[in-house]
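FYI, side chains are in, hydrogens and waters are out, and symmetry mates aren't considered; it's all heavy atoms of this structure. Chain letters run A, B, ... following the sequence lines, proteins first, then strands; residues in each count from 1.
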Amino acid sequence: MTPILSDLNDQQREAVTTVQGPVMVIAGPGSGKTRVLSYRIAHLIGMGVPAWNILALTFTNKAANEMKDRITRLVGAKSASLWMGTFHSLFARLLRVECEALGFGRNFSIYDSQDSLSLIKRIMNGSGIPLLSFNPAAIRSRISGAKNQLVSPGEFARAASDIFEEKASLVYERYQVSLKRNNAMDFDDLLLHPIALLSGHRKLLAKYQDRFRFILVDEYQDTNRAQYELVKLLGARDRNVCVVGDDAQSIYAFRGADIQNILDFERDYPDARVVRLEQNYRSTKSILAAADQIIKNNLGQIPKDLWTENAPGEPIRIVECEDDRREAAAVVSLIVEECRRSKGNFSEVAVMYRTNAQSRSLEEALRREGIPYVIVGGVEFYQRKEIKDLLAYLRVLINGADDESFLRIINYPPRGLGEAAISRLAAFSSAEQISLLAAAARAGEVAGLSKAAQGGLEWLSGLFRKYGELRSGMSLSELVRSMTDEIGILPLLKEEGTPEAMGRWENVQELLSAISEFGAEGRGSLEDFLQQVSLVSDIDEWDDTHNAVTLLTLHSAKGLEFPVVFITGMEEGLLPFYSSPVDRNEIEEERRLYYVGITRAMRALYLTFARVRYRFGDPSAQTASRFLGEIDPSITERIYRSGYRMTTSLRMSGTRRPALQERIDPEPEFYPDPPGPDPPGDAEGSPLRAGALVEHEMFGRGRVIGIAGKGDSTKAVVEFHSVGRKNLLLRYARLRII
DNA sequence: ATTAGGCGATTTTTT
DNA sequence: ATCGCCTAAT
């Protein structure tokens, strides 16, 4: 037996070595799924299969990167040409090469849901559909749903059964036309267009079937119809399709994932070998038992018998609190207790919740106690207005047909181009069948423009012409910085002078350094950068090397594990979440989500709920979640925490809790150094570390909560007394340590 | 053309 | 409670 195979159990080994033909691996939580996938790929490469014949589709970029690293450790540089990543990023890559066959330019833009929503609103406005009677977001989600199910605009129109669907179908049709005219694709198109390409062009299909002779799909239970079709198309010839998943962990039905894909795999591939990974290496017996008791309440699953050799461990703690603030306080005091008892690091702890809005009270409580934390998700960096504005300039530079991005920046910074000027320009561009940018270049011919408007348009078109020409002769960094200077966004923000504007200024700086870094490391062109930016998520950037508690939604917890897990807000209406009458399928999906959360825990699990929770600013009485009752009381322990006293009594000093400003020196044992090499913030010799008190020339005094990144992009999260929490780029922020 | 202030919706979850 | 959008005022 090769050394690779000796560290696998029998089932894992079977999953790794069955390389020919269809294979379905049903992988319970913590059963070594990632290991199996990476070993399987390493094994294939070891057998002499060239890495470029392997296509590995994962759910997040993070998972892909981790597996790639693992494979490289096993087989070395041979893995370099492996295609491994998310469906969206890999098929975007394929489209860059092949999209001309569909009439797209290779420089197409990728629209995120914000972009696509604003396009939809514009179409509705132009079609006389009142935004007030028809919620654009609902229309967008209906369209996206149709696209996920591979329903074309024509089919959608025929099936439309009420006024809403009729309007939606009209918008859908025009939306696809506009995207094409803008040379743009939304997330759904990144899957739909490849299907059209492969099913419509025999030669292309053959080319890629030749290329991808071995296909692996991770998290198969969360694939949608389009992803299913892609796998089917590409795998049709060699049938070396290996899917890995767990029906019990399917949590993305709301965005079109179809659990039927995994349930029907054996129907699609009757000769499929089915392997079950049932030994859990992650959790204690009680945690696994709780998970098992819960999921049994769902009907119609693939049967599984999960077991573990791990210790029984401690009971599941169910914590009842009076309200959400106290819930947060209780979580914090329990975190402190846990870390003290196990001499553990804060990074061992994750706090999970159903909705992003719940993070707020937790953040406040953590801040109050000076405990460092990182938050995954929420408002993402690349979604911020100032970032999207600058990116829109870059998108227009790359893709002059991108009217949506052009409109975003046409009058930002303000240059006298208001509604009237824009509609005149739009009329001209549609009469001439050219893009808005091309129309701007001929501003003189547009009827009825003011002098100022004409000047503004000429300036804009000149800007893009100039940098379009300069582009090839400049480095990425030079290009973007010089263009940003010319646009004048930074001085504009600086003038504003408010702390918010200052924060935005820093964000723009951060974007610029990110681009420079991308260029300097030779990771690709501006097009590549823009594409990457559209397709990364917050969880991809997360890492556990900081000594900080992780806050995240149950959804983003998928695929991760933590020694200590808190699931908060265990209340009817929140978990399970519902706003309208309860449907069995929805409750089951909520239960799976709950199951995912529970099975992230290795050593300790806390489930907390509040009797009163502030929702929409008003207190509402809550009842404990039905899910709590699904765990056998013999493995649970109930704790009541009614006040804030806990933390105080745990502190060594029984004295009054000092105000934040006075607490210069946090109790050192709560800040153990992270294991291994120097913490990232110290890499450059910066003495800054979590817990330090600092002064900023604009924001005044504050405390460092965490440090992230390295080199020029080292960032610090600082809690200021005056303005609250800020994300600062050390390079610009000139923090003085007090 | 730009800004300020008021109103309304918004809270699932995300590639 | 907060954000974004719309209207009215400058």
Side-chain angles (χ1 to χ4, degrees), chain A residues 57-64 85-92 110-114 116-118 121 125 130-132 135-138 141 144 147-148 185-191 218-219 222-224 226-227 250-257 324 352-361 364 376-380 382-385 411-422 450 452-453 456 496 500 531-540 552-558 569 573-580 586 589-590 592-594 596-597 613-620:
Chain A
L57 297 153
T58 61
F59 196 73
T60 63
N61 296 299
K62 180 181 158 62
T86 63
F87 274 92
H88 290 86
S89 60
L90 292 185
F91 285 100
I110 298 174
Y111 284 179
D112 64 19
S113 16
Q114 238 182 79
S116 103
L117 186 63
S118 88
K121 282 182 190 159
N125 278 327
L131 286 110
L132 292 152
N135 181 345
S141 108
S144 174
K147 291 172 86 167
N148 283 164
M185 303 183 189
D186 68 12
F187 284 147
D188 303 320
D189 290 334
L190 295 178
L191 307 175
D218 190 12
E219 308 283 10
D222 282 319
T223 51
N224 62 27
Q227 292 166 325
S250 159
I251 55 174
Y252 281 98
F254 73 92
R255 82 172 193 214
D324 47 351
M352 302 175 188
Y353 35 78
R354 180 63 233 265
T355 67
N356 280 307
Q358 287 166 257
S359 69
R360 184 176 222 99
S361 49
E364 279 168 13
V376 176
V379 236
E380 291 181 27
Y382 288 109
Q383 306 275 33
R384 289 166 202 219
K385 184 189 174 304
N411 200 32
Y412 182 82
R415 52 178 76 91
L417 292 163
E419 208 182 319
I422 291 171
S450 71
E496 227 182 293
E500 293 78 36
Q531 169 162 327
Q532 193 218 245
V533 158
S534 328
L535 300 174
V536 295
S537 74
D538 221 37
I539 192 71
D540 298 330
L552 74 181
T553 62
L554 288 161
H555 281 90
S556 31
K558 183 157 92 154
L574 243 198
L575 186 65
F577 187 94
Y578 50 80
S579 43
S580 44
E586 286 169 18
E589 174 140 326
E590 295 293 309
R592 289 192 294 268
L593 190 55
Y594 178 41
V596 166
R613 182 172 300 273
Y614 281 77
R615 297 180 93 178
F616 291 108
D618 294 322
S620 93

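Between Phe59(A) atom CZ and dT14(B) atom P the separation is 10 Å, expressed in whole Å. Distance Arg615(A) CZ to dT11(B) C1': 8 Å, rounded to the nearest Å. Between the CG atom of Leu593(A) and the P atom of dT14(B) there is a distance of 10 Å, given to the nearest Å. As a whole-Å value, the separation of Gln227(A) CD from dT14(B) P is 16 Å. The CD atom of Gln114(A) sits 14 Å away from the P atom of dT15(B) (whole-angstrom rounding). Residue Asp188(A) contributes atom CG, which lies 13 Å from atom P of dT15(B) at whole-angstrom precision. Rounding to whole angstrom units, CZ of residue Phe187(A) and C1' of dT14(B) are separated by 9 Å. Following rounding to the nearest Å, Arg613(A) (CZ) and dA1(C) (P) show an atom-to-atom distance of 16 Å.
The two residues Ala92(A) and Leu535(A) have their closest heavy-atom pair at CB-CD1, 4.0 Å.
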Its contact letters, B for base, S for sugar-phosphate only and - for none at protein heavy atoms under 4.0 Å, make nucleotides 2-10 of chain C read S--S-----

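When the side-chain nitrogen and oxygen atoms of Asn411(A) are compared with OP1 and OP2 of dT2(B), one or more of them lie within a distance under 4.0 Å. A sub-4.0 Å separation between OP1 or OP2 of dT14(B) and a side-chain N or O of Thr553(A) is present. Between Asn224(A) and dT15(B) there is no side-chain polar atom (N or O) within less than 4.0 angstrom of OP1 or OP2. For Asn356(A) and dT13(B), the shortest distance from a side-chain N or O to OP1 or OP2 is below 4.0 Å.
For Phe577(A), the side-chain atoms get nearest to dT11(B) when compared with the rest of dT2(B), dT15(B), dT11(B). Of the candidate nucleotides dT10(B), dT14(B), dT15(B), dT10(B) has the atom nearest to the side chain of Asn135(A). When distances run from any side-chain atom of Tyr252(A) to the nucleotides dT14(B), dT15(B), dT2(B), the shortest one goes to dT14(B). In this structure, the nucleotide among dT2(B), dT10(B), dT15(B) sitting nearest to the side chain of Pro414(A) is dT2(B).
Residues passing the side chain to side chain donor-acceptor pair (under 3.5 Å) test with Ser450(A): none are found, sequence neighbours excluded. Residues passing the ring pair (Phe, Tyr, Trp, His ring centres under 6.0 Å) test with Tyr614(A), sequence neighbours excluded: none. By the salt bridge (Lys or Arg N to Asp or Glu O under 4.0 Å) test, Lys121(A) pairs with no residue at all, sequence neighbours left out. Residues meeting the salt bridge (Lys or Arg N to Asp or Glu O under 4.0 Å) test with Arg613(A), sequence neighbours left out: Glu327(A), Glu571(A). Looking at residues two or more places apart in sequence or on another chain, you find a salt bridge (Lys or Arg N to Asp or Glu O under 4.0 Å) between Asp112(A) and Lys388(A).
Aromatic stacking is marked for Phe254(A) over dT13(B), as both cut-offs hold: 5.5 Å for the centres and 30° for the planes.
Inspection of the Glu364(A) and Ser361(A) side chains reveals no N or O donor paired with an N or O acceptor under 3.5 Å.
Taking the nucleotide of DNA chain B with the nearest heavy atom to each of Thr355(A) and Gly416(A), the more 5' of the two is matched to Gly416(A). Along DNA chain B, the nucleotide nearest to Thr58(A) and the one nearest to Ala421(A) differ in position, and the one closer to the 5' end is contacted by Ala421(A).
Taking atom C1' on both dC6(C) and dT11(B), the two are 22 Å apart, rounded to the nearest angstrom.
Heavy atoms of Leu417(A) sit under 4.0 angstrom from primed sugar atoms or phosphate atoms, though from no base atom.
When each of Phe577(A), Phe254(A), Tyr353(A) is checked for a ring pair (Phe, Tyr, Trp, His ring centres under 6.0 Å) with His555(A), only Phe254(A) meets the rule.
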